[in-house]
There are 2 protein chains.
Amino acid sequence: MGKTNPPFMTGVPELLVLRLLSQREMYGYELVKSVRVVTSDAISLGEGVIYPVLHGLEKAGALTAKRKPVNGRTRVYYAVTPQGRERLERLSGEWDRVSAGVDSALGEAGHV
Amino acid sequence: MGKTNPPFMTGVPELLVLRLLSQREMYGYELVKSVRVVTSDAISLGEGVIYPVLHGLEKAGALTAKRKPVNGRTRVYYAVTPQGRERLERLSGEWDRVSAGVDSALGEAGHV
DNA sequence: TTACTATACCTCATACTTCAAGGTATGTAC
DNA sequence: GTACATACCTTGAAGTATGAGGTATAGTAA
């Protein structure tokens, strides 16, 4: 039953979502726009990415969801649990390791 | 029909391969080990990744292949073409943009 | 009224990449 | 002669992201 490891470069959407939610509660539609803003348009994640990530993290116990009616529409606000913070720490560390690896391979020393 | 864009975080194996080959000619098996070395074990790409990337880049005109018999075994050395250098520049720029985006989202912008 | 836009939730087929494990074959060490 | 490292390669399965679709409410402009 060879369980395959996840691809080495994934989990970035999850990382971004956890990071943003660790600063304040947000709802899905808001996250879609926020990702673009905080990354200066470098990364744009569609709703097809955000919502599944949100649901997955909630199921994993990393987030809690809270429905709030606002102006007749319903928003689902997500908050990070302690478990989610651990996950954020782990993913953040992995990202640092991998991105440092790439940068060192690129030899960012004298390059521009 | 609707051609989908490649996932936003891909092309890293390609980037690493092009970068290493831009420094000197290498063969596939050598690249597999080199990637581990230059990334301090942060990234490990198997032969199932390296060889297809090599073939794809050759077909795209970014690399040229040269067979050399060494100690009875055959090695296929790859070299970067001018076209490959352009591709390296482009991928390198994309990586910088995306990784800067993630870092700024993580709030490590001022981190060296 | 109608139409269009923005908000806000969601799902799904397709495309793509990566992983892991396999296969072939030669040379070297025990 | 058996085991390991070198050196090439392919492939099935797993998993993620894309792009486009669907539902529904509220506001605005014609």
Side-chain angles (χ1 to χ4, degrees), chain A residues 1-17 25-36 39 42-60 63 65-78 91 94-95 98 101-102, chain B residues 1-17 25-36 39 42-60 63 65-78 91 94-95 98 101-102:
Chain A
M1 303 193 158
K3 249 272 170 85
T4 27
N5 286 330
F8 75 101
M9 205 77 222
T10 53
V12 172
E14 210 176 290
L15 172 58
L16 293 176
V17 165
E25 294 187 8
M26 292 175 95
Y27 53 98
Y29 193 76
E30 190 183 7
L31 279 163
V32 171
K33 324 225 138 179
S34 280
V35 167
R36 273 203 292 270
T39 63
I43 300 173
S44 178
L45 302 177
E47 304 175 32
V49 173
I50 294 294
Y51 287 114
V53 164
L54 250 14
H55 300 156
L57 287 174
E58 189 194 358
K59 187 177 283 183
L63 299 178
K66 197 171 36 176
R67 310 189 130 259
K68 271 193 207 170
V70 179
N71 298 332
R73 291 189 210 85
T74 300
R75 291 181 183 167
V76 185
Y77 280 86
Y78 290 91
L91 286 176
E94 267 172 39
W95 164 258
V98 170
V102 174
Chain B
M1 307 287 247
K3 251 273 171 85
T4 29
N5 285 331
F8 77 102
M9 203 81 223
T10 55
V12 172
E14 209 178 289
L15 171 58
L16 293 176
V17 165
E25 295 187 6
M26 293 174 94
Y27 52 99
Y29 192 76
E30 191 184 6
L31 279 163
V32 172
K33 324 224 140 181
S34 281
V35 167
R36 273 202 293 270
T39 64
I43 301 173
S44 179
L45 302 177
E47 304 176 31
V49 173
I50 293 294
Y51 286 115
V53 164
L54 251 13
H55 300 156
L57 286 174
E58 189 193 359
K59 187 176 284 183
L63 299 178
K66 198 171 36 176
R67 309 190 129 258
K68 271 193 208 170
V70 179
N71 298 333
R73 291 190 209 83
T74 298
R75 290 180 184 168
V76 185
Y77 281 86
Y78 291 90
L91 286 176
E94 267 172 40
W95 165 258
V98 170
V102 175

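Here the structure is a predicted model, which means the values were calculated and not measured. Below, chains carry the letters A, B, ... as their sequence lines are ordered, and counting in each starts from 1.
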Quiz item: Which residues pass the side-chain hydrogen bond (donor to acceptor under 3.5 Å, both in side chains) test with A:Glu30, sequence neighbours left out?
Solution: A:Arg24
Exercise. Would you mind building the protein contact string for nucleotides 23-30 of chain C? One character per nucleotide, 5' to 3', B for base within reach (heavy atoms under 4.0 Å), S for sugar-phosphate only, - for untouched.
Key: ---BS---
Quiz item: Can you check the A:Glu58 CD to C:dC10 C1' distance for me, whole Å?
Solution: 14 Å
Practice problem: Please report, rounded to the nearest Å, how far the P atom of D:dA5 is from the CD atom of B:Glu30. | Solution: 18 Å
Exercise. Return the value, rounded to whole Å, for the distance between atom CZ of A:Arg75 and atom C1' of C:dT7.
Key: 8 Å
Quiz item: At under 4.0 Å between heavy atoms, what does A:Val70 touch on the DNA or RNA strands: base, sugar-phosphate, or nothing?
Solution: nothing
Quiz item: Base, sugar-phosphate alone, or nothing: which one does A:Gly28 contact when heavy atoms must sit under 4.0 Å apart?
Solution: sugar-phosphate
Quiz item: Between C:dT17, C:dA8, C:dT18, which one does the side chain of A:Tyr51 approach most closely?
Solution: C:dA8
Self-check item: Residue list, side-chain hydrogen bond (donor to acceptor under 3.5 Å, both in side chains) with B:Tyr51, at least two apart or on another chain
Solution: none
Quiz item: Nearest to the side chain of A:Tyr27, which nucleotide is it out of C:dA8, D:dC8, C:dT17?
Solution: C:dA8
Practice problem: Tell me, please, which residues at least two apart from B:Lys66 pass salt bridge (Lys or Arg N to Asp or Glu O under 4.0 Å). | Solution: B:Glu25
Quiz item: Between C:dT18 atom P and A:Phe8 atom CZ, what is the distance in whole Å?
Solution: 6 Å
Quiz prompt | Distance, rounded to the nearest Å, where B:Leu45 contributes CG and D:dC9 contributes P | solution = 17 Å
Quiz item: Tell me: NZ of B:Lys59 to P of D:dC9, nearest whole Å?
Solution: 13 Å
Quiz item: Who passes side-chain contact (heavy atoms from CB on, under 4.5 Å) against B:Glu14, sequence neighbours left out?
Solution: B:Val53, B:Leu57, B:Arg87, B:Leu91
Quiz item: D:dC8 phosphate, OP1 or OP2: any side-chain N/O from B:His55 under 4.0 angstrom?
Solution: no
Exercise. Write down the distance between CE (B:Met26) and P (D:dA7), rounded to a whole number of angstrom.
Key: 11 Å
Quiz item: Can you tell me how far P of C:dT17 sits from CD1 of B:Ile50, to the nearest Å?
Solution: 15 Å
Practice problem: Check B:Val49 against B:Pro13 and note the closest heavy-atom contact, atom names and distance. | Solution: CG1-CB, 3.9 Å
Practice problem: Locate the shortest heavy-atom distance separating B:Ile50 from B:Gly28; write the atom from each residue and the value. | Solution: CG2-O, 3.9 Å
Practice problem: Could you say whether A:Ser44 or B:Arg67 is positioned toward the 5' end of DNA chain D, judged by the nucleotide with the nearest heavy atom to each? | Solution: B:Arg67
Practice problem: Compare the minimum distances between each of C:dT11, C:dC9, D:dT16 and the side chain of A:Thr10, then state the nucleotide with the smallest one. | Solution: D:dT16
Self-check item: Sugar-phosphate only, base, or nothing, as touched by A:Lys33 at under 4.0 Å among non-hydrogen atoms
Solution: sugar-phosphate
Quiz item: Nearest to the side chain of B:Tyr29, which nucleotide is it out of D:dC8, C:dC9, C:dT18?
Solution: D:dC8
Self-check item: Residues that B:Ser44 engages under side-chain hydrogen bond (donor to acceptor under 3.5 Å, both in side chains), provided they are two or more places apart
Solution: B:Arg36
